[in-house]
Structure formats: structure tokens, C-alpha cells
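Scroll down for the structure; my scribbles are underneath it.
Convention: sequence-line order gives letters A, B, ...; per-chain numbering from 1. Only this structure's heavy atoms are used, side chains among them; waters, hydrogens and symmetry mates stay out.
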Amino acid sequence: MTLPDGSVRELEPGTTGAALAASIGAGLARAAVAIRVNGEIRDLVRPLADGDQIAILTERDPEALPLLRHSAAHILATAVRKLFPGAGIGFGPSIDEGFYYDFEVPRPFTPEDLEAIEAEMAAVIAADHAFVREEVSREEANRRFADDPLKLERISELGKDETITVYTDGPFVDLCRGPHVPSTAKLKHYKLLSGAGAYWRGDSNRQMLQRIYGTAYFKKDDLTQHLFRMEESKKRDHRMLGKQLDLFLFHPVAPGAAFWTEKGTVIYNALNDYMQELQRDGYREIRTPLLYNKALWETSGHWGKYRENMFLVLDNETNEHDMSLKPMNCPSHHLMYAAKKHSYRELPIRYVTYDVLHRNEVSGALSGLTRVRQFAQDDCHIYLMERQIQAEVHRLVQFISKYYETFGLKATLKFATRPEQRIGSDALWDEAERALRHALEATGQPYELKAGDGAFYGPKIDFDVEDAIGRKWQLGTIQLDYNAPERFDLQYVGDDNAEHRPVVIHRAVNGSFERFIAILIEHFAGAFPLWLAPEQVRVVPISDAQHEAAEAMTATLRDAGIRATLDDRNETLNYRIRDGEMAKVPYLAVVGQREAEGGTVAVRARGEGTKQEVIALTAFTARLVEDVRARKLG
RNA sequence: GCCACUGUAGCUCAGGGGUAGAGCACUCGAUUCGUAAUCGAGCGGUCGUCAGUUCAAAUCUGACCAGUGGCUCCA
């Protein structure tokens, strides 16, 4: 057998991974979680064969964590079966952030149930049950799971040639492909998080099961960090901060559509201004109608595939719902392009629109600003020749990266290639993928390949950003589209005086303003950098004697374009300082007798406590103006 | 859309078959203060909406509306 370092070991036939690990060292034997045999991850207890390529997996291997979590799901089921005899069992996989298991029980699990179950899991772990793998015949499997209709259903779907395996840990037997960690004692750091209803097979026509979510890690620190992140997410929830900081609100009369307060609107406009500033170079901002006859959606293909997500509007003359609010801008952009004849000399043509869009999301999907029915994208469509793709994508990647950097968001690029379901010839896809990949590599930025994850009409680059507490959000996208130009019969006249098809690039950076602002609120925990802060400076006179001076200073700041307010309420200084800090205003400019006389302000920066700086108002103003201009972060 | 839970003052929340409570915010008065809550008084609610049960409903029941979590990252 060959080990990862290339060394070869001779072993008795039938030796298991566990025995191999033990023969290498006692430490490795203890740390071993599973074994990779010829690229396939297996249980340690399975026998090895002559000539196998072997790698022993320990908790340090990234592939090991899902095994632990999947095993945790079994341990959870073991505990639930003990406390709720007769509970039906569904699926219990590991997921990105942990694991879950679905149970068929007469009532939902309560938080108290979860506590009891978690305690019972500790008992299962203490018992140190080995995970025993067995290969069984279909008949045997049906016999074993005679009381588990959900498992029987799954067994009936397995192909004739598939090996059916079951895993046993102590009293619990489960139909399972495996593999698992060697025994229940491997699970040390885990936490049950929540219970929720979930349909069997995700089908709302099937019965509702009760799902328990949990998470597990090899290291205590990792679990602690995960739980901390959950806590921190709760504290930063944009729905709570939005209310607290008075940025936006929702009302039952317009579900899924935000009302922006004057403060929220400042942020919205600041983002829009920045976007426009970055796009002065070569972009054409246009506006198109919000309401269209269905003819447009028939051309674009939305009428057939997307209609249930569109808001249809009754046309009184025809008495038909044959008008619709636009759910996206692309068709209207294509229309604008097609309205004129274009020379190759004009390309690329870049249309940008910030119009409001409506999509009829199902009611249960709505959530704060992140899932809404009305929103605005920074929507751009670029019409260009194939040979321009590389340069254009290069330009876009740099632009988008720069944009995210301004907010201190770390972006990761994902390159998504042709999916199974697609349109267009392979030659076209080859060309499109080649052009995208070259452009990507030219930027020098690392990227991750997501094979088969492209749009049905073309490959794409997605931007995942990581926020201040390490959460990932999918934001920007650059998509090549060969389909739309066909549907809309888009053309340009080439240097050969013949008509040619342009290619379309769809591009969004914010995704939607609504969702992006939600992400920013959580990223900054409501403490926006100066250029985004709705209220940038709050002038706080110490007593009435400085009222006039403070008023004049506020006016000076405002004249310089700074969003300054005056807090001359009849409250103590302490009260107003506290209020300013809680409102997360970047600067409090305190004006006492000394400052009023000297034309200075005592500046208290947000979160810096009493570390104040007394500075001439003119110098302070100049600094603020510069920081806003530079969109300085902190 | 479906399931579970939730809906009481502008906000956060307590209460609960017999005429509605707190803190903060707001208004007024006193206080004029050097860096995270000064004191006092006052204003403020058809207890999400509509029905039903009851002598009596904010409380119990149902429907609806809205919000929150979830609804295969396949044994």
C-alpha cells in the first residue's frame, strides 16, 4: 500500500485502516477519523486491499468535519429515539454550518426538549458506541426498517446495483451511506441550535417532519467561535438596527417593500452617488418604463417561465392582466439597444439603470431588506463584440473589487462554467469560458472554479464577500449571455459592412441596494463610516451660553457639505453625549465656553470615549470634507 | 404557498374572562451642566383585523393580515 509521502507499506491482507494507523503510531491511531482509499473516503474499520493508495484522515483534514457532523446527526437520532420512542426518522445529513436530522413526531420539539436531547446525546457519547457498518441485502434492509416508512421509501428508490449499508451505534440503526467517525466518543463539541418544521423531501404536499439543527466541531474554540458569530449576528441584525437607527420601516400595507426614512435615504443616495461616480467613465445611465405589455415578456421568455414571480396589472380596456411591472431591466435595455443601428465603433455600449423592480416572492420568503418584493439593482448590460470580452471583464473585475474594498469587504471570485441545462453550441461555450477565464487570470486575483454552476445562457463570475464577522454573502455577478442577443435580434454593423450579433454581459455589483444596505448595516454594526453616516457630526453646546456659537458652527459645517445637527436640548451634557454615542454618530463636537471663544470644537470620535481632541473648527471641517471625499473607512 | 411560533403605547416588554401596566421616547416645568441616562409632572393604547363563545373577551375559539424561524447542501 502507498502512503501520501510515497512510502510503501506491506501489510497482512485484510488489515483495516485503524490497524494501519496503529502500526504507524499510537498518536495517529488516536487522531485518526477516517481513511481515504484511492480517493474515496471510508470508515477506518474497513479492510484494505493490495495496491491501495492510502491517506489517513485526522481532524485536521477539511474532509473530516462533515463526517463528524454526520455522525453527530446519528447521535442526535440515537438520543431522540431514546426519549421519544417510536419517532420516525427521515434524513440526517451534515450541512455547511453543522447538521440536522428530521423526525416524524406528533408535536414540534420545544426548547426544553432540545435541552433534554442534548443531555441524552452526552450519554450516548459517554457510552462510546462504535459506528458499525454492515452491507445488507434489500430484503434484510426492508426487514430492519419495517417500522420506518420513510427509510423504506428511500430503500425502494435505491438502484439494483447499489450496495445498501446500515450503520449501528449502540441501540440505533440507520440506513446510511456513511462513512462515519469510529465511535460516538469522537464527538466532543456540539450544540443543538433550533427546531423547525421541514417537509419530507422538501415537498409541501408531503408530511411535515420536525427538524433539529445542530452544529459540531473537533475543536472547542471553533464551536465557541461559531456560537459567538451567531450571537454577534443577532446583535447586528439589520432589522433591529434599522429600527433603532431609524433607517427604514416596513408596513403591512406594502409587504416586502421598504419605506426609507430620511436617514436611510442618505445612505441609499450615497451608494447611488458613488456608483454613478465610478461609472462616469463609459457608462450610459438610462431610464426605462416600469410597466410593460406582455409582448415584451413573451420576447424575453419571462412570460412563460417567470410569470408567477411577476406582478400582473389589469388593463382596463382589454380587461386582461396583460401588463406587468418589470422584474428586471434586461429586456428594456435590449429594446433600447435594438431601437438604433449600431456600428462596431460604438461598442461596448454600457447601459445602467437604477429603476425600481418588482418580483412577487412567495409571502413566506420575505425577510427584512434581504428578501423583498420591491428593490433597485445597479443593473448594467454591456453590448460588445466577442473579441472585446476579455478587456471588458478585466475592467469589470477591477471596478467591482475596488467598490467592495471601499467598504472593507473582502471579495472572493468564483468562476462558474457551463451547466447541464444550457443553450448555445459547445464552441460558443468554449469561447465564452476561455475569454472569461483569461480575463480573470489577467487580473491576478485568485478564484475558485465552480464547474457546472453557470447561468443557462452563459458562464459567469460571482463575487462572494466576507463581512466583518466572517460571514459570506454572494453579491456581484458578471454573466456572459449569448441567448438574449438572439431573442431580441440584436445587431451591429462590423468593419466588413455586414450585420453581426453582439454579446451581452449582465453585471450587478450591489445585487440590490436593499440587500446591500442590509449587509452594510450588519457589517458595520450600524456604525457607518463618515461618508455613509446619515448624521456625520452632532454639535453639542455645554450650556445655553454657547447656543449661538454652536448654531453658527453647525451652519459652517453644513455649508461645507457636512451633515451636521445641533443638539441644544434642555438635557445634561452627559445625557446628550450618551444619546449621540447610541445614535452612532461618527463625531460629537462639544462646544463649551473655551471653544466658543476660540473658534474650536472638542471632538469626541465615536467609540473612542473621552479621548477628545480640541481642534479649530476650520481644520476639523477641512478634515471631514477630505475624509468624505476619500470615502475613508474608519 | 405550506408548517410552527409571535402580534399589548412611537420603541423594548410585563400582564391576563370582570373597564389596561413599566422603562425609554415625547410634551411641560425646574435645573445650565466639561464628555455614556438630573428631578418632577403630563400626554399617549378599540391589546394586529374581523367574526364566534360568554352576563362579560385584550385574555378562550376560528378566519384573515403581518412578522419571525424553517420547508432535500438527498440514505
Side-chain angles (χ1 to χ4, degrees), chain A residues 66 69-70 73-74 77 89-102 107-111 141 145 148 150-158 162-167 173-178 193-213 237 239-240 243-246 249-256 308 360-368 540-547 568-583 588-596 602-612 614:
Chain A
R69 287 171 169 175
H70 184 197
H74 278 235
I89 46 176
F91 293 156
S94 83
I95 55 177
D96 275 354
E97 302 265 281
F99 61 90
Y100 67 79
Y101 212 114
D102 288 340
R107 62 162 178 89
F109 293 108
T110 64
F145 295 101
D148 283 309
L150 305 180
K151 293 291 175 188
L152 291 177
E153 181 179 328
R154 180 67 194 132
I155 293 167
S156 72
E157 291 168 359
L158 294 173
E162 284 185 72
T163 310
I164 299 177
T165 54
V166 299
Y167 279 79
V173 189
D174 200 355
L175 176 73
C176 179
R177 191 169 43 196
L193 298 171
S194 58
Y199 294 104
W200 171 232
R201 317 304 293 257
D203 181 347
S204 56
N205 297 314
R206 309 289 304 263
Q207 69 267 47
M208 169 81 44
L209 305 179
Q210 293 303 324
R211 175 169 300 180
I212 295 177
Y213 281 98
D237 190 322
R239 292 167 299 196
M240 185 196 77
K243 207 181 275 184
Q244 216 170 287
L245 301 175
D246 192 29
L249 54 95
F250 285 91
H251 192 280
V253 295
E308 60 187 37
N360 197 356
E361 302 285 346
V362 296
S363 56
L366 301 178
S367 176
V540 185
I542 287 180
S543 77
D544 282 352
Q546 296 87 44
H547 178 89
D568 59 351
R569 286 177 296 175
N570 181 15
E571 295 288 351
T572 58
L573 178 65
N574 275 335
Y575 178 93
R576 288 174 292 151
I577 295 284
R578 178 181 151 83
D579 200 60
E581 286 281 356
M582 303 236 295
L588 301 179
V590 179
V591 181
Q593 201 50 47
R594 295 197 294 273
E595 288 78 14
V603 176
R604 177 181 167 125
R606 177 180 57 206
E608 302 279 307
T610 49
K611 225 195 296 168
Q612 63 163 337
V614 180

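Nucleotides B:rG29 and B:rG67 are separated by 42 Å at their P atoms, to the nearest Å. Look at the P atom in both B:rG69 and B:rU32: the space between them is 50 Å, to the nearest Å.
For A:Ile577, counting side-chain heavy atoms from C-beta on, the closest listed nucleotide (B:rU68, B:rA30, B:rA36) is B:rA36. Of the candidates B:rU32, B:rA37, B:rC3, the closest approach to any side-chain atom of A:Ser543 belongs to B:rU32. Closest contact between the side chain of A:Leu366 and the listed nucleotides B:rG69, B:rG67, B:rU35 involves B:rG67.
A:Arg211 places its CZ atom 16 Å from the P atom of B:rG69, with the value rounded to the nearest Å.
Taking only side-chain nitrogens and oxygens, A:Arg606 never comes nearer than 4.0 Å to OP1 or OP2 of B:rA36. The shortest distance between the side-chain N/O atoms of A:Tyr575 and the OP1/OP2 oxygens of B:rU31 is not below 4.0 Å. Between A:Lys243 and B:rG10, a side-chain N or O to OP1/OP2 separation shorter than 4.0 Å is absent.
Evaluation of atom-type donor-acceptor distances gives a pair under 3.5 Å for the side chain of A:Glu595 against the base of B:rG34. Judged by distance alone with a 3.5 Å cut-off, no donor-acceptor contact links the side chain of A:Arg576 to the base of B:rA37. On a pure distance criterion of 3.5 Å, a polar donor-acceptor pair joins the side chain of A:Asp544 and the base of B:rU32.
By the 4.0 Å N-to-carboxylate-O rule, A:Arg578 lies too far from A:Glu581 to be salt-bridged with it.
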